[in-house]
Student: 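Just passing along the structure, written as structure tokens.
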Amino acid sequence: RELAVRLAYFLWSTPPDQQLMDLANRGELQVTSVLRDQVNRMIDDPKSDEFISGFVHQWLDMERLDFFQFDVNMHREFDENVRAAARQEVYESFAYLLRSVSGGKLGELLKSDYVFVNALLADYYGIDGIEGDDFQKVSLPSDSPRGGLLGMAAIHAMGSDGVVSSPVERGAWVLRHLMNDPPPPAPPNVPQISRLAGQLLTTRERLVAHQEEAQCASCHRKIDPIGFGLENFDAAGKWRTEDGYRLKDERGKETGRRKTWVINSSGSFYNGPFFEDFFQLRDLIAEKEEDFAVGFTQNLIEYALGRAYGFTDQDLAMEIVDSARAEQFSIREFIHVLVQSDTFKTK
């Protein structure tokens with residue numbers, strides 16, 4: 001009965017239904033094949049939408065999407081309806097892979113040739129021919145920057161302050177969530193980049209100047225190149241090829257002095273390969289599927305067990321990753337192995 005309750009709150013965020021309780025009362029829920037069938041049934045049930053939104057929100061730190069009001073003059077199209085649609089795109093993409101009959105692969109969140117959009121978000125992305133409020137799978141041309149998490153407006157909006165993009169926030173997010181290589185916390189008494197606000201510099205020049213401080217360079221040389229590779233997306237996730245900066249006086253009013261530049265999205269991973277633009281960066285990150293799977297597993301364990309991931313969970317995490325690898329990192333396989341584990345059954 002405890003397993004039935006645990007399973008229901010994990011995948012449905014509700015008490016168990018009658019079928020689960022009947023199996024539990026007969027002592028059959030612990031049987032491997034029965035438990036696997038029940039997990040499949042629960043995933044396919046619309047009630048697992050609660051798991052999808054709850055887990056993805058926690059895993060990807062999506063509370064940042066609501067941190068800022070977006071400047072209506074600079075990002076007029078990114079209103080509350082588009083923000084909600086951008087959030088739902090992330091959930092719909094994960095749901096499609098989770099519920100895929102053919103076994104949706106985790107790596108498709110790193111790069112894919114399709115998106116899930118409704119008419120509103122399709123228009124925001126410049127995709128023609130989509131009607132209605134329902135989200136639908138839409139194929140992309142080979143040169144599209146969309147497809148996968150790095151093409152989603154919600155991800156880029158979280159890496160901004162509602163006005164301008166933040167290569168630092170975006171680079172740190174990619175390291176933390178896609179590459180399982182989180183940067184260390186900023187040391188105390190770090191000089192603020194805002195001290196350069198009175199200078200007409202490009203975003204790259206501003207951050208390079210920031211790196212001249214020794215206590216800043218150690219972190220930023222790892223974070224910033226990835227963020228530069230994402231600069232073709234503006235603060236609200238729109239694709240762009242140019243950016244600009246306007247000087248403001250001490251009262252926050254624009255002075256009329258402005259600098260405009262063509263975006264340079266090239267860079268190099270720290271101790272790693274060079275990339276020429278966003279598309280090469282995305283390809284390189286997509287090759288990190290194993291690291292992505294480890295980070296995903298750790299977050300899944302945290303969510304399922306309702307506690308922080310600890311070093312005692314490492315064996316379980318590697319067991320899950322190894323089993324999922326054998327199934328080409330099918331998202332559903334991660335859940336099956338976790339639910340069948342003694343840790344889940346006895347937590």
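Atom set for the values below is all heavy atoms of this structure, side chains included, hydrogens, waters and symmetry mates excluded. Given the structure is predicted, the values throughout are model-derived calculations rather than measurements.
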Student: Answer yes or no: is there a donor N or O on one side and an acceptor on the other, between the side chain of S144 and the main chain of L140, under 3.5 Å?
Tutor: no
Student: Assess the side chains of E89 and Y125: does a donor N or O sit below 3.5 Å from an acceptor N or O?
Tutor: yes
Student: Please work out which of the three classes, parallel, tilted or perpendicular, describes the rings of F233 and F278, given edges at 30° and 60°.
Tutor: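 Rings of F278 and F233: perpendicular, over 60°.
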Student: Inspect the contact between E108 and K105 and indicate whether a charged nitrogen and a carboxylate oxygen are less than 4.0 angstrom apart.
Tutor: no
Student: Hey, does F68 have a side-chain heavy atom less than 4.5 Å from the side chain of R64?
Tutor: yes
Student: State whether D224 and R170 are salt-bridged, where the test is any N-O pair (Lys NZ or Arg NE/NH1/NH2 against Asp/Glu carboxylate O) under 4.0 Å.
Tutor: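 Between R170 and D224 there is no salt bridge, as every charged N stays at least 4.0 Å from the carboxylate O atoms.
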Student: Could you tell me whether the side chain of D313 and the main chain of G310 form a donor-acceptor pair under 3.5 Å?
Tutor: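 Between the backbone of G310 and the side chain of D313 there is a qualifying donor-acceptor contact (under 3.5 Å).
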Student: Would K222 pass as a cation-pi partner of Y270, given that its NZ or CZ must be under 6.0 Å from the six-membered ring centre and within 45 degrees of the axis?
Tutor: no
Student: Show the numbers, then the answer: is there a side-chain hydrogen bond (donor to acceptor under 3.5 Å, both in side chains) between R332 and S100?
Tutor: CA-CA 9 Å; R332 197 174 289 216; S100 173; over 6 Å; no
Student: Distance to the ring centre below 6.0 angstrom and angle to the axis at most 45 degrees; does that hold for K238 and F78?
Tutor: no
Student: Could you tell me how the ring of W239 sits relative to the ring of F279: parallel (under 30°), tilted (30 to 60°) or perpendicular (over 60°)?
Tutor: tilted
Student: Give the table of side-chain donor-acceptor pairs shorter than 3.5 Å for residues 126-135, with sequence neighbours excluded, one pair per line with atom names and distance.
Tutor:
none

Student: If you take all heavy atoms of V82 and E77, which pair is closest and at what distance?
Tutor: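 In this case the closest contact between V82 and E77 is CG2-O, 3.2 Å.
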Student: Is the backbone of L29 close enough, under 3.5 Å, to the side chain of Q38 for a donor and an acceptor to pair up by distance?
Tutor: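 Not confirmed, Q38 side chain does not pair with L29 backbone.
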Student: Is it true that K111 and E287 make a salt bridge, defined as a side-chain N closer than 4.0 Å to a carboxylate O?
Tutor: no
Student: For the residue pair F51 and Y303, does the interplanar ring angle fall in the parallel (under 30°), tilted (30 to 60°) or perpendicular (over 60°) class?
Tutor: perpendicular
Student: Indicate the ring-plane relationship of F275 and F269, choosing parallel, tilted or perpendicular according to the 30° and 60° boundaries.
Tutor: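 Ring orientation of F275 relative to F269: perpendicular.
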Student: Under 4.0 Å between a Lys/Arg side-chain N and an Asp/Glu carboxylate O for R76 and D71?
Tutor: no
